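As the structure is a computational prediction, the values presented were derived from the model and not from experiment. Sequence positions, counted from 1, serve as the residue numbers for this chain. In what follows, every heavy atom counts, from backbone to side chain, and hydrogens, waters and symmetry copies are set aside.
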Amino acid sequence: MSFNFTNKEQLKEFQDKKLKETVNHVYNGSDFYKSRFKNFGVAPDDIKGIEDLSKLPFTTADDLKEQYPFPLLSVLLSDVVRIHSSSGTTGKRKIFAYTRQDIEDWKEMFARCYRMAGVGKGSRVQIMVGYGLWTAGVGFQAGCEGAGALAIPTGPGNLDMQRQFLIDLQPDVICCTSSMALLLAEEINRMGLRDKINIQTVIQGSERCSDAMRLNIIAQIGAKHLHDITGLTELYGPGAGIDCEYHTGIHYWSDYYILEIINPETGLHVKEGEIGEMVVTTLRKQAAPLIRYRTRDLTRLVSGECPCGSIYPRHDRILGRSDDMIKYRGVNIYPGQIDEILSQIQGISSEYAIYLDRQDAKDFMKIKVERNGDDLSYNDKNISNNIKSIIKHKVFVSADIEIVDYGSLNRSERKTKRIFDMRD
Ligand code: ZN
């Protein structure tokens, strides 16, 4: 079911109503949530609206693990029509159940993402993300068809085929990870195919991407817009939000879920605009609803109105994960901080890798950075000294910098590994 909200008051009324429904639904449908609420001393009647959110307990990734294979299930298994699973770097995969209505809701959210990126009837969308257990492929495709566009489900990898379809079918939109977008962009540039293809819009998900990498992709492909789509398997999958044509932050669908930003150490709300961990509470999910689920993704809310006029609020791009944090000589470093610094340096490409090692009980960091392909006017020594001193100044650590040839660092069709920790 699709709703049209003309103002924020209507939206708020809807959120309050749906939160109360969700709290009742999980309390009555899930033994896990019922006992969690009881232990926390909260009952469904205590929740009158979204102001009462912090009366509810958090849900964490550990809770999902303990309830494998059907975590947070709040409906009868016979009402479940599909499952998806996320990669899960350690131990068992996370499996999530969907009812027929959940699938419809996800499709509607995703179609809204495409529409916000100007994609609809008449658009041709080459979908280069993984199909199967992942939420990516099927999500991008359902949303694309929901928006009335033509889906070309090529899946990831296979550059030869991708290139062929880009030329023969003339898609104006591609969907992929930023690593794949970069590979493709370099290939298009190297083979001089810019005039033979028609990509106007790149929609990318599931991976943090620096400003330098973004500009590099757009320039080499010749696209007009690059949009970031957000989402996680716990929250249906990708399609939870996207930036509009003004690229002022990610508009997220606050009629489907509530977003809170907390300090990961204290669990308390941060001040508006401060970086913290995203916590999500779903408003319509039936099979596996989330109550204050701690995503470990870091971002901040963007205040004010967007020039596009959308009533949907915005958060910044995902700035990293609380688990990606590198502990180095007593300092906590997020890879996003290194990205941000390197993006402002002239004469280097967007690609880098961080190596951590330990000698005589002391930690060492080396960052390999690629020289910019066609620009030989910069001196390696100057560049590395510059990077070194900015990192020292902004992140308060010392690192060795090595400038390497353009294209010599590993490229990936999925997610690029950038941190190599050899300290154990
Ligand atoms: Zn906007």
Taking the six-membered ring for Trp and the single ring otherwise, decide whether the centroids of Tyr293 and Phe58 are under 6.0 Å apart. no

Criterion salt bridge (Lys or Arg N to Asp or Glu O under 4.0 Å) against Asp421, the qualifying member of Lys417, Arg418, Arg423: Arg423

Worked check of side chain to side chain donor-acceptor pair (under 3.5 Å) between Ser85 and Lys94: CA-CA 5 Å; Ser85 169; Lys94 293 179 198 159; over 6 Å; no

Between Glu186, Arg371, Glu370, which is the residue that forms a side chain to side chain donor-acceptor pair (under 3.5 Å) with Tyr406? Glu186

Could you tell me whether Arg300 and Asp316 make a salt bridge, using a distance below 4.0 angstrom between a side-chain N and a carboxylate O? yes

Would one find more than 12 heavy atoms of other residues, nucleotides or ligands at under 6.0 Å from atom CD of Glu13? no

Tell me whether the count of non-hydrogen atoms from other residues, nucleotides or ligands lying under 6.0 Å of CZ in Arg411 goes above 12. yes

Please confirm whether Tyr33 and Tyr27 have ring centers closer than 6.0 angstrom. no

Just checking Glu51: does its CD atom have more than 12 heavy atoms from other residues, nucleotides or ligands closer to it than 6.0 angstrom? yes

State which residue, out of Thr281, Thr295, Val280, fulfils the side chain to side chain contact (heavy atoms under 4.5 Å, CB included) condition with Leu259. Val280

Shortest non-hydrogen pair, Val270 vs Gly276, comes out as CG1-CA, 4.5 Å

If you count every heavy atom of other residues, nucleotides or ligands that lies below 6.0 Å from Lys381 atom NZ, does the total exceed 12? no

Taking the ring of Tyr312 and the ring of Tyr252, is the distance between their centroids below 6.0 Å? no

Where Ser254 and Pro313 come nearest, the two heavy atoms and their spacing: OG-CD, 3.3 Å

Please find the pair of heavy atoms, one from Ile47 and one from Lys20, that lie closest to each other, and give the distance. O-CG, 3.2 Å

Side-chain donor or acceptor of Asp52 paired with backbone N/O of Lys48 under 3.5 Å: yes

Under a 3.5 Å threshold, yes or no: a donor from one side chain and an acceptor from the other, between Glu260 and His269? yes

Cut-off 3.5 Å, side chains only: do Gln141 and Glu145 have a donor facing an acceptor? yes

Once you round to the nearest 0.5 Å, how far does CD1 of Ile174 lie from CD1 of Ile127? 11.5 Å

Residues Asp63, Arg36: salt bridge by 4.0 Å N-O rule: yes

For Ala240 and Met109 the tightest heavy-atom approach is CA-CE, 3.9 Å

Does the Thr22 side chain pair with the main chain of Leu283, one donor and one acceptor, at a distance under 3.5 Å? yes

Can Gln200 and Asn198 be said to form a side chain to side chain donor-acceptor pair (under 3.5 Å), step by step? CA-CA 6 Å; Gln200 308 291 318; Asn198 180 38; 2.8 Å; yes

With salt bridge (Lys or Arg N to Asp or Glu O under 4.0 Å) as the criterion, how do Lys8 and Glu305 come out once you've worked through the C-alpha distance, each side chain's angles and the decisive distance to 0.1 Å? CA-CA 12 Å; Lys8 287 182 181 167; Glu305 305 286 326; 3.1 Å; yes

Donor-acceptor contact below 3.5 Å, side chain Trp253 vs main chain Gly239: yes

His227 backbone acceptor or donor facing His247 side chain under 3.5 Å: no

With salt bridge (Lys or Arg N to Asp or Glu O under 4.0 Å) as the criterion, how do Asp243 and Arg314 come out once you've worked through the C-alpha distance, each side chain's angles and the decisive distance to 0.1 Å? CA-CA 8 Å; Asp243 47 334; Arg314 288 164 296 162; over 6 Å; no

Would you confirm whether Glu402, through its side chain, and Lys368, through its main-chain N or O, come within 3.5 Å as a donor-acceptor pair? no

Rounded distance [0.5 Å steps], CZ in Phe165 versus CE in Met128: 12.0 Å

Checking Tyr98, Tyr236, Phe96, Tyr131 against His84 for ring-ring contact (aromatic ring centres under 6.0 Å, His included), the one that qualifies is Tyr98

Answer with yes or no after comparing the ring centroid distance for His251 and His315 against a 6.0 Å cut-off, counting only values under it. no

Using a 3.5 Å distance criterion without hydrogens, assess whether the side chain of Asn28 forms a donor-acceptor pair with backbone atoms of Asn24. yes

If you count every heavy atom of other residues, nucleotides or ligands that lies below 6.0 Å from Asp62 atom CG, does the total exceed 12? yes

So which heavy atom on Met161 is nearest to which on Thr154, and how close? CE-O, 3.5 Å

Around atom NZ of Lys12, are there more than 12 heavy atoms of other residues, nucleotides or ligands at under 6.0 Å? yes

If we ignore angles and hydrogens, is there a donor and acceptor under 3.5 Å between the side chains of Gln162 and Asp160? no

Run the salt-bridge test on Arg100 and Asp79 with the 4.0 Å N-O cut-off and return the result as yes or no. no

Minimum-distance pair of heavy atoms, taken over all atoms of Asp102 and Arg284: OD1-O, 4.1 Å

Does Ser343 reach the main-chain N or O of Asp339 with its side chain, forming a donor-acceptor pair under 3.5 Å? yes

With rounding to the nearest 0.5 Å, note down the distance linking CZ in Arg294 to CD in Glu234. 13.5 Å

Tell me whether Lys285 contacts the main-chain N or O of Ala288 through its side chain, where contact means a donor paired with an acceptor under 3.5 Å. yes

Should the pair Arg112-Asp255 be classified as a salt bridge under the 4.0 Å nitrogen-to-oxygen rule? yes

Once you round to the nearest 0.5 Å, how far does CG of Leu133 lie from CD1 of Ile95? 8.0 Å

Check: Arg292 main-chain N/O paired with Thr59 side-chain donor or acceptor under 3.5 Å: no

Is it the case that the side chain of Gln10 and the backbone of Thr6 share a donor-acceptor pair, with hydrogens and angles ignored and the cut-off at 3.5 Å? yes

